[in-house]
Amino acid sequence: MKKKLLGIFLAATMAVGMLAGCGGAASDSSDSSDTASTTEDSGDSGASGDTISIGFAQVGHESDWRTASTKSCQDVFSEANGYDLSFVDCDNDSAAQLEAVRSFIEQDVDYIIIDPIVSTGWDTVLTECEDAGIPVIVIDRTIEDSDKYTAWVGSNFKTEGLAAGEWLKAYAESKGISEINYLTIAGSTGASAQIGRSEGFDEIAEANGWNKLDEQDGDFTEDGGQSIMESYCKSYEGKFNVVVCQNDNEAFGAMTAMDNAGITYGLDGDVILISFDACTAGLEQVKARKITADFECNPLAAPFVEEVIKKLEAGESVEKEIFMEEHWYALTDAIVDFSIDGEAQTMTEVTDDVIDAQY
Ligand code: GZL
């Protein structure tokens with residue numbers, strides 16, 4: 001829309017220019033090139049009505065959460081809904097993600113959506129988007145080294161980590177567990193989800209004198225979770241009673257490793273297993289008493305992104321940050337009262353209906 005309005009202005013200017021004999025060759029040629037590309041755009045836009053072109057640079061396909069995030073965007077930004085979506089799965093490769101964004105600039109899309117694999121290294125390419133007049137909407141993970149984007153839609157990852165820590169404190173007290181020796185299987189190093197969850201959980205751990213035995217990067221994958229847990233089972237045999245997995249797929253891998261090592265976990269086991277995301281398969285493992293508690297990260301950002309785009313198309317202002325609603329899940333046996341910074345938290349009991357309604 002932005003470029004279409006610019007096109008109309010440029011075409012009018014050129015028409016006036018030609019009528020008035022104004023504008024040198026350079027400005028005509030520049031106008032003609034801008035106008036030509038814009039006229040093509042307006043031609044394109046005329047041909048396809050109000051189609052809005054969007055470039056989406058997605059992290060990858062590493063987890064159930066990611067699959068749900070991708071589906072959410074593809075469902076909302078469909079041709080039937082009036083969008084032309086260029087989707088790039090960047091396969092957890094930061095260089096490929098920057099390349100994808102630059103390809104969207106070349107394509108002269110109307111909007112760019114980015115879920116940043118890591119939180120730094122963005123200012124240069126976001127400046128290029130700004131110079132090209134293409135609004136950028138960031139979803140899910142955050143960008144820490146630039147604010148050259150129009151809006152961000154996602155979760156507060158530190159809050160998720162604080163919730164897991166405060167829940168564990170209350171749950172341990174309810175079970176008479178006085179000593180916590182924990183292992184963390186972290187998400188991809190440098191991802192804001194990893195940074196925030198580690199920061200929040202470790203803050204509660206330090207405040208309560210818990211013993212952090214280790215933290216290694218499981219890359220948010222099931223294979224990563226399994227290989228790290230296999231190593232932990234050897235290095236810390238008999239020394240740990242809590243495992244924190246920063247997403248469900250890592251938890252699935254850790255479960256396999258602990259099964260193979262003969263270590264019991266979950267509501268009826270020796271090890272408390274904490275997970276994040278609360279995807280459908282994760283909640284199924286909560287219901288099976290394997291994951292003790294699961295802290296949701298909502299992947300369904302696309303409807304909120306579409307609201308941002310609609311406001312921009314209408315020339316309205318938009319919020320810079322839009323936070324998603326999250327829930328904390330467990331079975332009744334692990335539902336305890338806890339607060340985050342004095343704010344009482346509600347836990348959701350995992351039932352078949354809750355599982356059916358999940359993403
Ligand atoms: C969090 C998201 C994380 C999920 C993982 O918002 O970026 O990446 O927790 C996913 O499942 O891989």
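All ligand and atom numbering here is 1-based and tracks the order in the structure. Residues take their numbers from the sequence shown, with the count starting at 1.
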Test salt bridge (charged side-chain N to carboxylate O under 4.0 Å, His left out) applied to Asp219 - qualifying residues, sequence neighbours left out: none
Give a yes or no on whether a salt bridge exists between Asp259 and Lys290, defined as a side-chain N under 4.0 angstrom from a carboxylate O. no
Could you tell me if Ser53 and Asp110 have a donor-acceptor pair between their side chains, going purely by distance under 3.5 Å? yes
Contacts of Ala207 that satisfy side chain to side chain contact (heavy atoms under 4.5 Å, CB included) - sequence neighbours left out: none
Who's touching ligand 1 if we go heavy atoms under 4.0 Å? Glu62, Ser63, Trp65, Arg66, Asp140, Arg141, Phe157, Ala193, Arg197, Phe220, Asn247, Asp277, Cys297
Going by salt bridge (charged side-chain N to carboxylate O under 4.0 Å, His left out), name the pairs with one or both residues in residues 231-248, residues two or more places apart or in two chains. none
Please check if any side-chain donor atom of Thr332 sits under 3.5 Å from a side-chain acceptor atom of Glu349, or the reverse. yes
